[in-house]
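Take a look at the structure below.
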Amino acid sequence: NVNIICVTRDNGTEKWILSIKDELEAKAFQRMLSVYVSMVMLRSIEAEVLQDGIKELWQITSEQISPSEKWKLTNFDRKFRCSGFGRKSYAEKNDVLEEIINAIISQRKIEITHHARDRKKPTTHIIHPYTLLLHRDSLYIHAFTEGHRQVRTFSVDRILSVKKKNERFRYPDRFDPDKLTDGSFGIFEARDGKPFNVAVLFNESLREYITSRNWHPKQRFTKINDRYFRMDAVITNTYEFIPWVLQFGSDAMVLEPDFVRKAIQKELQKNLANYDKMN
């Protein structure tokens, strides 16, 4: 909190004065920095409906800076950046996103046409959208589906269309999106999945990168020797775990369980077969 008014006494006389100007300016710039970083991050996914609001907030916040300090805003776009490497564009999903966001805020049911990756044809669902989630530069929604009578996670990328329903839903008091994915490595929950421990042996060269990031709520690291360290976690599915391990190539090896080791071996054999076909 910033104390805008300070009370002082001079020869028995009480005086009310404004707080130090520099402190107020510093707080204003701190707010601006927060808004700008949010704007840069949202720009990286190219979602117009999300960017418009944050741009307006930036404009309001920047007007709080005194004219004599405006020069500090110069080159903000170069002082703070997001590389956008591998970013995903949601420009073509703007209408879908706008309907989803409006439905979340107004707690209104919507009908979506969704084409799941593992299905040949799109399916239609009436859902209660609870949460919009940004995960690894992609957008998802956690929503209660009336057909399945449970909360499921849908990729916004794979939602083909959205229709409004003239019916509201009650947001559950006990719904916690964090608990929804307890035990998952990523965001995809395993319905009725039994927890199991996974152990990965990493090359020491990856220690700083791996141990400084939060991959799983219950991750554990153990030093093996000067060349290797081990990571353990209890998970319920391998949807995101296997692709995650594979990205580290020969610097990572799954130690347990055996069925995950075999799944990775099978994936590597497929990759090798693809290259053999090109020879």
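Reckoned from all heavy atoms, side chains included, excluding hydrogens, waters and symmetry mates.
- Counting only heavy atoms from C-beta outward, the side chains of Phe202 and Thr211 never approach each other to under 4.5 Å.
- A donor-acceptor pair under 3.5 Å is absent between the side-chain atoms of Arg119 and the main chain of His115, judged by distance alone.
- A distance of 10.0 Å separates NE2 of His142 from CG of Asp176, quoted to the nearest 0.5 Å.
- A donor-acceptor pair is defined here as one N or O able to donate and one able to accept, closer than 3.5 Å; such a pair exists between the side chain of Ser155 and the backbone of Asp157.
- Atom-to-atom distance recorded for Lys165:NZ and Lys109:NZ is 8.5 Å, nearest 0.5 angstrom.
- Following chains of ILVMFWY side-chain contacts shorter than 4.5 Å, one can reach Val200 starting from Phe221, so the two form part of one hydrophobic cluster.
- The structure places OG of Ser212 at 11.0 Å from CZ of Arg207, a figure rounded to the nearest 0.5 Å.
- In the displayed structure, Asn166 atom CG is contacted under 6.0 Å by at most 12 heavy atoms of other residues, nucleotides or ligands.
- Taken from CZ in Phe154 to CD1 in Ile141, the straight-line distance is 6.5 Å, to the nearest 0.5 Å.
- Counting only distance, with no hydrogens or angles, the side chain of Arg168 and the backbone of Gln107 share no donor-acceptor pair below 3.5 Å.
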- Message: If you apply the rule side chain to side chain contact (heavy atoms under 4.5 Å, CB included), what do you find for Val198 with Phe185, and how did you get there?
- Response: CA-CA 10 Å; Val198 288; Phe185 196 89; 5.9 Å; no
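- Take Gln219 and apply the side chain to side chain donor-acceptor pair (under 3.5 Å) test, not counting sequence neighbours, and it matches no residue.
- Smallest separation of non-hydrogen atoms from Ala103 and Phe169: O-CE2, 4.2 Å.
- Met231 places a side-chain heavy atom less than 4.5 Å from the side chain of Ile210.
- Looking only at side-chain heavy atoms (C-beta outward), Leu139 and Ile100 stay at 4.5 Å or farther from each other.
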Please list, one pair per line, the donor and acceptor atoms closer than 3.5 Å that link side chains of residues 121-130 to other protein atoms, with sequence neighbours excluded.
unit_1: Thr123; atom_1: OG1; unit_2: His114; atom_2: O; d: 3.4
unit_1: Thr123; atom_1: OG1; unit_2: His125; atom_2: NE2; d: 2.9
unit_1: His128; atom_1: NE2; unit_2: Glu146; atom_2: OE2; d: 2.9

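- Residues Phe175 and Phe144 keep their aromatic ring centres 6.0 Å or farther apart.
- Note on Met253 and Tyr209: separate hydrophobic clusters, where clusters join Ile, Leu, Val, Met, Phe, Trp and Tyr whose side-chain heavy atoms are under 4.5 Å apart, directly or indirectly.
- The closest side-chain heavy-atom distance from Arg108 to Asn102 is not below 4.5 Å.
- Taken from CG in Asn214 to NE2 in His216, the straight-line distance is 9.5 Å, to the nearest 0.5 Å.
- Counting only heavy atoms from C-beta outward, the side chains of Arg230 and Ile224 approach each other to under 4.5 Å.
- Results of the side-chain contact (heavy atoms from CB on, under 4.5 Å) test with Tyr228 over Leu201, Asp251, Thr222, Leu206 single out Leu201 as the only residue that passes.
- By the 4.5 Å heavy-atom criterion applied to side chains, Leu97 and Val162 are not counted as neighbours.
- Between Gln265 and Leu268, every side-chain heavy-atom pair lies at or beyond the 4.5 Å cut-off.
- No continuous path of ILVMFWY side-chain contacts below 4.5 Å connects Leu255 to Leu246, so the two sit in separate hydrophobic clusters.
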- Message: I'd like to know whether Tyr171 forms a side chain to side chain contact (heavy atoms under 4.5 Å, CB included) with Ile104, so could you lay out the CA-CA distance, the side-chain angles of the two residues, the decisive distance to 0.1 Å, and finally the verdict.
- Response: CA-CA 9 Å; Tyr171 202 97; Ile104 290 173; 5.7 Å; no
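- Annotation: the span from Glu92 atom CD to Asn94 atom CG amounts to 11.0 Å, rounded to 0.5 Å.
- Considering only heavy atoms from C-beta on, Arg220 comes within 4.5 Å of Asn197 through its side chain.
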- Begin with the C-alpha distance, continue with both residues' side-chain angles, and end with the deciding distance and a verdict on side chain to side chain contact (heavy atoms under 4.5 Å, CB included) for Gln269 and Leu272. CA-CA 5 Å; Gln269 287 168 356; Leu272 185 59; 5.6 Å; no
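- Between Trp244 and Phe248, the ring planes lie perpendicular to each other; the angle is over 60°, past the 30° to 60° tilted range.
- For CG of Asp226, the number of neighbouring non-hydrogen atoms (other residues, nucleotides, ligands) closer than 6.0 Å is 12 at most.
- A continuous path of Ile, Leu, Val, Met, Phe, Trp and Tyr side chains, each step under 4.5 Å between heavy atoms, connects Phe196 with Trp215, placing both in one hydrophobic cluster.
- No more than 12 heavy atoms of other residues, nucleotides or ligands sit less than 6.0 Å from atom CD of Glu208.
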